[in-house]
Amino acid sequence: MTKPEIRVRIAPSPTGDPHIGTAYIALFNYVFAKKHGGKFIIRIEDTDQTRYRAESEAMILDAVRWFGIEWDEGPDRGGEYGPYKQSERLAHYQKWAKELVSKGHAYYCFCSSERLAGLRKKQTENKLPPGYDRHCRTLEAKEALARVEKGEVHVIRFKVPSSGVTSFEDGIRGKVEFENTKLDDLVILKADGFPTYHLASVVDDHLMKISHVIRGEEWVSSTPKHVLLYQAFGWEPPHFTHLNLLRNPDKSKISKRKHPTSILYYKRKGILPEVLRNFLALMGWNPGGDQEIFSTEEMIEKFSWERFSLGGPVFDLTKLLWMNGQYLKKKSDFEWVQLLRQNVFTEDYLLQLIPLVKERVCAFEEFIDNTSFFFNGDLKYDEAVLPPKGVVAKDASNWLVELLEKLEGLQSWTVEHIKEACENYCKEKEIKTKDLFMTLRIVISGGTVSPPLFETIHVLGKEMTRRRMRLASDSLKKR
RNA sequence: GUCCCCAUGGUCUAGAGGCCUAGGACGUCACCCUUUCACGGUGAAAACCCGGGUUCGAAUCCCGGUGGGGACGCCA
C-alpha cells in the first residue's frame with residue numbers, strides 16, 4: 001500500500017488586492033507539501049458575484065508567483081482535477097446540493113433576506129446568539145418542491161443535526177469539539193445558484209483529493225459544519241490545520257485600515273520575496289535555536305508542525321525592514337544593479353513617469369528632484385501646512401479617510417476614475433476643490449508643487465496612495 | 001450575548017518539570033569604531049497574566065479566573 005498523496009491548496013477569492021494573509025497561508029501550505037513530496041494547488045473561489053473583481057484573479061496569481069512559490073495545479077496551468085475556478089464548476093455544486101436534499105440532509109428555504117435580517121436583529125437585541133430559526137426546515141418536501149418548480153426564490157440549507165457533538169482533530173490544536181445545537185442550518189446554495197464557501201470548498205476539496213486543509217484560524221468555528229457536510233456526503237474529511245491570524249499592532253486581525261495588507265505594497269516598497277518568506281515563516285514557526293535567517297529550502301528541510309506556536313503574531317514592519325537590509329547587504333553590487341533595474345528603474349515605470357515631468361525638466365539633473373517622491377516610501381513634510389487655512393486638522397483627517405474609501409471602491413485605477421472620485425467627493429461634502437487638492441498633493445507628493453495630481457496618484461499606485469493617505473489622516477487625527 | 005481558540009519583555013520568539021540568576025532577534029538607550037550618517041562591536045533597561053492545585057521541585061502539567069483574538073451572513 002502506498003501512502004495517499006499529500007495534496008494541499010490555497011483558495012483565495014478574487015475580491016481585491018492580493019492579501020498578505022494569503023501569502024502567509026500559502027507559504028505554510030507550500031512548505032508542508034514540499035516537505036512530504038506532495039502537491040500544492042491554487043483554486044480560485046469566485047462564488048461571490050457581488051464582490052467579484054475581474055482584475056483581481058490575475059493579480060493574485062502574479063503576486064503569489066512573485067512571492068516565490070510555484071503551484072502544481074491551478075487555474076492558469078490546469079491539472080487533473082480542473083477546472084480550478086469555482087465559477088466554472090457550478091454544475092458540481094448544484095448536483096451535490098440536490099443530492100443532499102434528496103437524501104434528506106438539506107432543504108429548500110424561502111425566507112427573504114429581510115426576514116433573516118429582522119430575525120438577527122431581534123436575537124441580538126435579546127442578547128441571543130444570532131442564527132437561523134429553521135423556519136423552512138419543517139416544510140413538506142413535496143410542497144417545497146412545488147414552490148421551487150413554480151419559480152419561487154429559494155436557497156438550499158443544510159440540516160444540522162439537532163443533537164450530538166461534532167469534533168475534529170486540528171493539526172496543531174488537537175481535538176476541537178462543538179455541540180451541534182450551537183450550529184445553525186447554513187445556506188449551501190444561494191438564490192443565484194452559486195454555492196456558498198462551505199459547500200464549494202467541501203465539494204472541491206473532496207473532488208480535488210485534498211488531503212490536508214491548512215487555512216486561517218477564522219475557519220475554526222465553521223469546520224464542524226464542514227465535517228458534518230462530509231459526513232452527509234459519506235466522504236472522508238481531510239485533515240484540518242488552522243494557523244493563527246496575522247495581527248495589526250493592536251492585536252486585531254490584520255486589516256488594511258490599520259496595516260498595509262497588500263502583497264503589492266511590499267513588492268513596491270522593495271522587500272525581497274525571499275525576505276517576506278523568511279519573515280512570514282517566523283510568524284509562528286522557527287527552525288529551533290536562535291536562527292532567524294533561513295531560506296525556504298531550509299525551512300522545508302526542517303519543517304514540522306511541532307515547531308509551530310499559536311498566539312496571533314503582530315506583523316512588525318520594523319523587523320521586516322531590518323531583515324530586508326540583512327539580505328540586501330549580502331547581495332553583490334552587480335546583483336543590486338539587476339534588482340534596481342527589475343524593481344525600481346524599470347522601463348515601464350520610467351515611461352509612466354516621464355510624461356509627468358517632461359515639461360518641467362530642462363536637464364536630466366532635475367529629473368530626480370522632480371520624481372523623488374515616486375521612489376520614496378513614507379514621506380516627511382510639515383504637518384502644520386497640511387490642513388488648509390480655516391480647516392481643523394480633524395476635518396482634514398476625515399476628508400482623507402472618506403476619500404480613500406471612495407478610491408478603494410473604484411472599479412479600476414484609472415486617471416479618469418480617480419479624478420471623478422475626488423471631484424465628486426468635493427461636491428458631496430461642499431469642500432473647495434482647491435483646499436482638498438492641495439492637502440492631497442502634499443500627502444501624495446510631500447510638497448506643494450508636483451505633477452498633475454490625478455496622474456500622479458494613478459502612477460504612484462493604489463498601495464502607496466493608501467499608505468500615504470492613512471499615515472497622514474492618522475497623524476492629523478492626533479493633532 | 002453564545003461558542004471556539006490563544007496567553008514568556010513594546011514586538012517576533014527559545015523554553016516540552018530541575019540545565020532558568022528565563023536565552024536569542026527587532027526596537028529603545030549608552031558607549032566604542034568613524035570627518036558625517038549608516039553598518040559593525042560592546043553593554044544596559046525590559047517578560048514567564050492572576051489565583052489555586054499536582055510535585056521534593058513548575059514558565060513548563062491540571063483547574064478556575066482575567067485578558068486578547070476569532071466566529072456567529074444568500075462574504076470568503
Q: For B:A16, give its Watson-Crick or G-U wobble partner with both distances under 3.5 Å, or none.
A: none
Q. At under 4.0 Å between heavy atoms, what does A:C111 touch on the DNA or RNA strands: base, sugar-phosphate, or nothing?
A. base
Q | Salt bridge flag under 4.0 Å for residues A:R468 and A:D378 | A | no
(Q) I'd like to know whether A:F32 forms a ring pair (Phe, Tyr, Trp, His ring centres under 6.0 Å) with A:H36, so could you lay out the CA-CA distance, the side-chain angles of the two residues, the decisive distance to 0.1 Å, and finally the verdict. (A) CA-CA 7 Å; A:F32 178 73; A:H36 298 102; 4.7 Å; yes
(Q) Roughly how many Å apart are B:A45 and B:C26, using the C1' atom of each and rounding to a whole number? (A) 16 Å
Q.
Nearest whole Å is fine: how far is B:C39 P from A:N324 CG?
A. 14 Å
Q | Phosphate OP1/OP2 of B:C4 contacted by A:K175 side-chain N/O (<4.0 Å) | A | no
Q.
What is the separation between atom CZ on A:R51 and atom C1' on B:A76, rounded to the nearest whole Å?
A. 6 Å
Q: Remember a base hit wins even if backbone is also touched, and classify A:E177 as base, sugar-phosphate or nothing at under 4.0 Å, heavy atoms.
A: sugar-phosphate
Q: Grab the CZ-C1' distance between A:F294 and B:C12 for me, whole Å please.
A: 11 Å
Q: Classify the nucleic acid contact of A:F178 as base, sugar-phosphate or nothing, counting any heavy atom under 4.0 Å across all strands shown.
A: sugar-phosphate
(Q) For B:U11, give the paired nucleotide (Watson-Crick: N1-N3 plus N6-O4 or O6-N4; G-U: N1-O2 and O6-N3; both under 3.5 Å), or none. (A) B:A25
Q. Quantified in whole Å, what is the P atom distance between nucleotide B:G64 and nucleotide B:C3?
A. 13 Å
Q) With both distances under 3.5 angstrom, what nucleotide forms a Watson-Crick or G-U wobble pair with B:A45? A) none
Q: Check whether any side-chain heavy atom of A:H239 lies under 4.5 Å from a side-chain heavy atom of A:E169, and answer yes or no.
A: no
Q.
On RNA chain B, does the nearest nucleotide to A:F315 precede the nearest nucleotide to A:T47 from the 5' side, or the other way round? Give the residue.
A. A:F315
Q) Which of these nucleotides, B:U13, B:A76, B:G15, is closest to any side-chain atom of A:R307? A) B:G15
(Q) Could you check whether any side-chain heavy atom of A:Y84 comes within less than 4.5 Å of a side-chain heavy atom of A:D204, counting everything from C-beta outward? (A) no
Q: Classify the nucleic acid contact of A:G216 as base, sugar-phosphate or nothing, counting any heavy atom under 4.0 Å across all strands shown.
A: nothing
Q.
In terms of relative ring orientation, are A:H154 and A:F110 parallel, tilted or perpendicular, with 30° and 60° separating the classes?
A. tilted
Nucleotides 71-73 of chain B: which of its N/O atoms have a protein N/O under 3.5 Å away?
| unit_1 | atom_1 | unit_2 | atom_2 | d |
| --- | --- | --- | --- | --- |
| B:A71 | OP1 | A:K253 | NZ | 2.9 |
| B:A71 | O4' | A:S221 | OG | 3.2 |
| B:A71 | O2' | A:S221 | OG | 2.7 |
| B:C72 | O2' | A:P130 | O | 2.9 |

Q) Rounded to the nearest Å, what distance is computed from the CH2 atom of residue A:W285 to the C1' atom of nucleotide B:A14? A) 13 Å
Q: Between B:G68 and B:C50, how far apart are the C1' atoms? Round to whole Å, please.
A: 15 Å
(Q) What verdict does the side chain to side chain donor-acceptor pair (under 3.5 Å) test give for A:R53 and A:T15, after you've listed the backbone C-alpha separation in whole Å, the side-chain angles of each residue and the deciding distance to 0.1 Å? (A) CA-CA 5 Å; A:R53 296 284 193 80; A:T15 53; over 6 Å; no
Q. What's the closest nucleotide to the A:K190 side chain, out of B:A14, B:C75, B:C12?
A. B:C75
Q) Expressed in angstrom and rounded to an integer, what is the separation of A:F279 atom CZ from B:U11 atom P? A) 14 Å
Q | Criterion ring pair (Phe, Tyr, Trp, His ring centres under 6.0 Å) on A:F279 and A:W322, from CA distance to verdict | A | CA-CA 10 Å; A:F279 184 74; A:W322 164 80; 9.4 Å; no
Q. Expressed in angstrom and rounded to an integer, what is the separation of A:L321 atom CG from B:C39 atom C1'?
A. 15 Å
Q) Touch check for A:R173, heavy atoms < 4.0 angstrom, all strands: base, sugar-phosphate only, or nothing? A) sugar-phosphate
Q: For B:C19 and B:G41, measure between their P atoms and round to the nearest Å.
A: 30 Å
Q. What interatomic distance, in whole Å, is found between C1' of B:G15 and the corresponding atom of B:C5?
A. 22 Å
Q | Nucleotide B:U13, atom C1' - distance to CE of A:M323 in whole Å | A | 12 Å
Q. Looking only at side-chain N and O atoms, does A:N286 come under 4.0 Å of OP1 or OP2 in B:A14?
A. yes
Q | Heavy-atom side-chain contact between A:V275 and A:Q326 under 4.5 Å | A | no
Atom pairs under 3.5 Å, N or O on each side, protein against nucleotides 22-29 of chain B: can you list them with distances?
| unit_1 | atom_1 | unit_2 | atom_2 | d |
| --- | --- | --- | --- | --- |
| B:G24 | N2 | A:E292 | OE2 | 3.2 |
| B:A25 | O4' | A:E292 | OE1 | 3.3 |
| B:A25 | O2' | A:E292 | OE1 | 2.5 |
| B:A25 | N3 | A:K319 | NZ | 3.0 |

(Q) Working note: A:R157 + A:L186, criterion side chain to side chain contact (heavy atoms under 4.5 Å, CB included); need CA distance, chi angles, decisive distance, verdict. (A) CA-CA 5 Å; A:R157 280 184 189 271; A:L186 58 149; 5.8 Å; no
Q | C1' gap between B:C75 and B:A59, integer Å | A | 41 Å
Q) Where does the angle between the aromatic ring planes of A:F178 and A:F168 fall among parallel (under 30°), tilted (30 to 60°) and perpendicular (over 60°)? A) parallel
(Q) Once rounded to the nearest 0.5 Å, what's the spacing between atom CG of A:N343 and atom CZ of A:R268? (A) 11.0 Å
Q) C1' atom, B:C6 versus B:A46: distance in rounded Å? A) 24 Å
Q. Yes or no on side chain to side chain donor-acceptor pair (under 3.5 Å) for A:D205 and A:S201, after CA distance, side-chain angles and deciding distance?
A. CA-CA 6 Å; A:D205 286 341; A:S201 72; 4.6 Å; no
Q: Just call it for A:M283: base, sugar-phosphate, or nothing, with non-hydrogen atoms closer than 4.0 Å on any strand.
A: sugar-phosphate
Q. Just checking A:V155: base, sugar-phosphate only, or nothing, at a heavy-atom cut-off of under 4.0 Å?
A. base
Q.
Given B:U13, B:C74, B:G69, identify the nucleotide with an atom nearest to the side chain of A:P313.
A. B:U13
(Q) My understanding is that a pair needs two contacts under 3.5 Å, Watson-Crick or G-U wobble. By that rule, which nucleotide pairs with B:G1? (A) B:C72
Q: Please determine, for B:G40, whether a Watson-Crick or G-U wobble partner exists with both distances under 3.5 Å, and give it or none.
A: B:C32
Q.
Without decimals, in angstroms, what is the distance between A:R247 CZ and B:G68 P?
A. 12 Å
(Q) Taking B:G17 as the reference, what is the distance to B:A76 when you measure between their C1' atoms (whole Å, please)? (A) 44 Å
Q: Please work out whether the ring planes of A:F28 and A:F308 are parallel, tilted or perpendicular, with thresholds of 30° and 60°.
A: perpendicular
**Q.** Toward the 5' end of RNA chain B, by each residue's nearest nucleotide, A:K127 or A:S309
**A.** A:K127
